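Starting from 1, each residue takes its place in the sequence as its number. Computed from a prediction, not measured in an experiment: that's the story for all the values here.
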Amino acid sequence: MAHLRIALAQTNPVVGDLAANSAKLLDWTRQAAADGAHLVLFTEMFLAGYPVEDLALRSSFVDASIATLEQTAARLAEEGLGELPVLVGYLDRADLAPRVGQPEGAPLDAAALLHRGKVVTRTAKHHLQNYGVFDEYRYFVRGDRLPIFRLHGVDVAIAVCEDLWQDGGPVAVVGQAGAGLLVVPNASPYEREKDDVRLELVARRAREADCALAYVNQVGGQDELIFDGDSIVVGADGELVARAGQFREELLLVDLDLPVADREPGKTTYDAGDGSTITVDRFVLSSEPVTIDSPITPSIAPRLDDVAEVYSALVLGVRDYVAKNGFESVILALSGGIDSALTTTIASDAIGPERVHVVMMPSRYSSEHSVTDAEELVRRQCVNSRLVPINGIVTAFEKEIELTGLAAENLQARVRGMVLMGLSNEHGHLVLTTGNKSELATGYSTLYGDSAGGFAPIKDVPKTMVWELSRWRNAHTDSWFRMDVARPIPENSITKEPSAELRPDQSDTDSLPPYEVLDRLLDDYVEKDMGSAELIAAGHDPDLVARIIRLVDLAEYKRRQYPPGPKITPKNFGRDRRLPITNRWRETT
């Protein structure tokens, strides 16, 4: 057997910041070298950031990515790190003539091996995702190579992200080609209730290929997507060897005992099992095996439970959106209700309460407990606060224009939105909206009112989970959070009946069914795409089905104008669920 110490750099790149991502690669490679690694693995599209979306179609950006790759290889050598091979994802292009139906410039979701100041091999993703949040046929062309490089006597194969998830292609060829280790850079986003499908997948592919497998995944927030890390190494038998933590950067080191390679270098073409062929390009970096004098005990980080995962994802999403977009602070309306209480808490945990500003804006219909609950949260969390009563502003509007019913209720929400946007313009705060997924689904948000803002932390969180997350946070804290406060949310905000307080004695259940009933129906209609007949067959009340479907369908135009927010469900409003606004199709039983 031969030995390798590999370092999985579970890192947080920034889309488009090629220079900073390259500098981060050098820093993490330097640490891996100090730890005695023989190979460093970075994530999918690391140098460019992921996803780059239409930047992939801009030739200047592709050129810059390729140039940065070559400069990074040279800098590694200049800084004495050239002998340590580094695998990194980047944006490349194929040498293809333009044709109809092919993305402009034939971009590639590529990975390269850097060694001794040079780019020694390049490859690209073979299977392109075209489901859920992915639209990669728009951006990339397919790769058709499987590089296998010999490192200290071990043959190491390279595949990219989706190639692991689909049958056929490069991964199907690894076993035939006889590699001892398969390394896979990934940018696999988080969503709840995946039931640990990654570990099951990685283990199955390792057994199929009869080789160890190292899966390194990106971490961090990018607009609506959250990447949770959770990098994994398994043996050829599929047994877990090492695992990184979730939602945090980490350099995962693992020592592997691997078979000594015995095949000759050269190129061979294989049937990939999906109607295509794959060319295996086998070459040698180093043939002599090495010994590891002080083996590392492999680290297996415990996985978070479902609620802790979701809360951590939301915190990371807010933290990175604020940091990567250059904001110093955030501002939001604090009503004393559960949605604004949870949003404030997430923001405080993400960036620190000293950078969170809340505005209490009571109206003529605000209850006394709403104000006192908001004040109690401010006391517990030590966020910055100010009181701006809106009754006089609303009255001034009403003197000039007569509004009744819903229009009058919405005026109050729009005044609050105007106050927040004014303070945002004056002080440079990012405005956070506080609406949850149940409200967005049914249209219970006011355009240019409570929907006004720049980022929506709980946009993809159903109302029943808002309560669940609040109870969880009151029972837990973490050194990773920027606010070290136990029980940051007043109990009354969690237990009291929810109300928008836009008219006398208003309650959410005046207009909506109980949230536990509503959220089950919304889950079946929005997440599972059930039609009316299916929903009724699943046990939902027929009259309620008709009513809620109508509310959801009519609110599509509102959701299109809502700010982005972290995706935590399998089908969020935005990147996942895309329906026409102008649409006369209606579900019937």
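Within a 6.0 Å sphere centred on CZ of Arg550, other residues, nucleotides and ligands contribute 12 heavy atoms or fewer. Residue-environment remark: CG (Asp306) exceeds the threshold of 12 foreign heavy atoms within 6.0 Å. Atom CD of Glu104 has 12 or fewer heavy atoms from other residues, nucleotides or ligands within 6.0 Å.
Two residues are said to be in side-chain contact when any heavy atoms from C-beta on lie closer than 4.5 Å; Asn21 and Phe46 meet this criterion. For the pair Ile331/Val358, no side-chain contact is recorded, criterion being any heavy-atom separation below 4.5 Å from C-beta on. Put simply, the side chain of Thr433 does not reach to within 4.5 Å of the side chain of Leu332, judged on heavy atoms. Pro513 places a side-chain heavy atom less than 4.5 Å from the side chain of Leu544. Between Met360 and Val388, every side-chain heavy-atom pair lies at or beyond the 4.5 Å cut-off. Annotation: side chain of Tyr448 is not in contact with side chain of Asn410 (no heavy-atom distance under 4.5 Å). At a threshold of 4.5 Å between non-hydrogen side-chain atoms, the residues Arg520 and Tyr525 do not count as touching. Tyr50 has its side chain within reach of Asp109: a pair of non-hydrogen atoms, C-beta onward, lies under 4.5 Å apart.
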Determine whether Ile338 and Ser470 satisfy the following criterion, side-chain contact (heavy atoms from CB on, under 4.5 Å), listing intermediate values before the conclusion. CA-CA 8 Å; Ile338 190 59; Ser470 299; 3.3 Å; yes
Start with the C-alpha distance between Phe573 and Val526, add both sets of side-chain angles, then the distance that settles side-chain contact (heavy atoms from CB on, under 4.5 Å), and finish with yes or no. CA-CA 9 Å; Phe573 293 125; Val526 173; 3.9 Å; yes
Carefully, step by step, assess Asn474 and Glu491 under the rule side-chain contact (heavy atoms from CB on, under 4.5 Å). CA-CA 9 Å; Asn474 266 6; Glu491 189 64 23; 4.2 Å; yes
Hey, mind stepping through Val356 and Asn384 against side-chain contact (heavy atoms from CB on, under 4.5 Å) and telling me if it holds? CA-CA 6 Å; Val356 177; Asn384 304 283; 5.7 Å; no
Could you go step by step and tell me if Lys463 and Glu516 meet the salt bridge (charged side-chain N to carboxylate O under 4.0 Å, His left out) rule? CA-CA 8 Å; Lys463 183 75 171 191; Glu516 59 270 18; over 6 Å; no
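Summarising the geometry, atom CZ belonging to Arg471 is positioned 11.5 Å from atom CG belonging to Leu342; distances are rounded to the nearest 0.5 Å. Remark: Leu423 CG to His429 NE2 distance equals 6.5 Å, nearest 0.5 Å. Between the CG atom in Asp523 and the OG atom in Ser438 there is a gap of 10.0 Å [rounded to 0.5 Å]. Remark: Asp541 CG to Leu535 CG distance equals 11.5 Å, nearest 0.5 Å. Note that CE of Met530 is 6.5 Å distant from NE2 of His540, once rounded to the nearest 0.5 Å. Lys558 NZ to Leu440 CG: the interatomic distance, rounded to the nearest 0.5 Å, is 9.5 Å.
With Trp165 as the aromatic partner, Arg198 does not meet the cation-pi criteria of under 6.0 angstrom to the ring centre and within 45 degrees of the ring axis. Under a cutoff of 6.0 Å and an axis angle of 45°, Lys459 and Tyr562 do not form a cation-pi pair.
Using cut-offs of 30° and 60° on the angle between ring planes, the pair Phe481 and Tyr311 is perpendicular. By the 30° and 60° cut-offs, the orientation of the rings of His476 relative to Trp472 is parallel.
Using a cut-off of 4.0 Å between Lys/Arg side-chain N and Asp/Glu carboxylate O, Glu136 and Lys125 are scored as salt-bridged. Taking 4.0 Å as the cut-off between side-chain N and carboxylate O, Lys437 and Glu527 count as a salt-bridged pair. A salt bridge between Lys24 and Glu249 is present, with a side-chain N of the basic residue lying under 4.0 Å from a carboxylate O of the acidic one. Taking 4.0 Å as the cut-off between side-chain N and carboxylate O, Glu556 and Arg577 count as a salt-bridged pair. Salt bridge Glu200/Arg204: absent, no basic N to carboxylate O contact under 4.0 Å. Between Arg303 and Glu309 there is a salt bridge, since at least one side-chain N of the basic residue sits less than 4.0 Å from a carboxylate O of the acidic one.
Minimum interatomic distance between Glu587 and Gly531 (heavy atoms only, all atoms of both residues): OE1-CA, 3.3 Å. Nearest approach of Ala48 to Leu91, heavy atoms of both residues: CB-CB, 4.2 Å. What you find for Leu551 and Leu512 is that their closest heavy atoms are CD1-CD2, 4.3 Å. Closest of all the heavy-atom pairs between Ala187 and Gln218 is CB-OE1, 3.8 Å. Nearest heavy atoms, Ser385 versus Val378: OG-CG1, 3.6 Å.
Here the side chain of Arg416 pairs a donor or acceptor atom with the backbone of Met361 at under 3.5 angstrom. Checked by atom type and distance alone, the side chain of Thr434 never pairs as donor or acceptor with a backbone atom of Thr343 at under 3.5 Å. Using a distance-only test at 3.5 Å, with no hydrogens or angles considered, a donor-acceptor pair links the side chain of Ser335 to the main chain of Gly337. The closest donor-acceptor contact from the side chain of Gln10 to the backbone of Asp230 lies under 3.5 Å. Remark: the backbone N or O of Phe61 is not paired with any side-chain donor or acceptor of Ser65 at under 3.5 angstrom. Between the side chain of Lys324 and the backbone N or O of Gly221 there is at least one donor-acceptor pair closer than 3.5 Å. The backbone N or O of Arg575 lies less than 3.5 Å from a partner atom in the side chain of Arg578, making a donor-acceptor pair. Between the side chain of Gln561 and the backbone N or O of Tyr557 there is at least one donor-acceptor pair closer than 3.5 Å. Distance alone, capped at 3.5 Å, places no donor-acceptor pair between the Glu224 side chain and the Lys567 backbone. Here the side chain of Asp54 pairs no donor or acceptor atom with the backbone of Leu57 at under 3.5 angstrom.
Partners of Tyr215 by ring-ring contact (aromatic ring centres under 6.0 Å, His included), not counting sequence neighbours: none found. The side chain to side chain donor-acceptor pair (under 3.5 Å) check on Arg414 picks up nothing, with sequence neighbours excluded.
When ring centroids are compared, Phe247 and Phe227 stay outside the 6.0 Å threshold.
There is no side-chain donor-acceptor pair under 3.5 Å between Ser188 and Asn217. A donor atom on one side chain and an acceptor atom on the other are found under 3.5 Å apart for Asn12 and Asp320.
Each of Arg482, Gln381, Arg473 was evaluated against Asp349; a single residue qualifies, Arg473, per the side chain to side chain donor-acceptor pair (under 3.5 Å) test.
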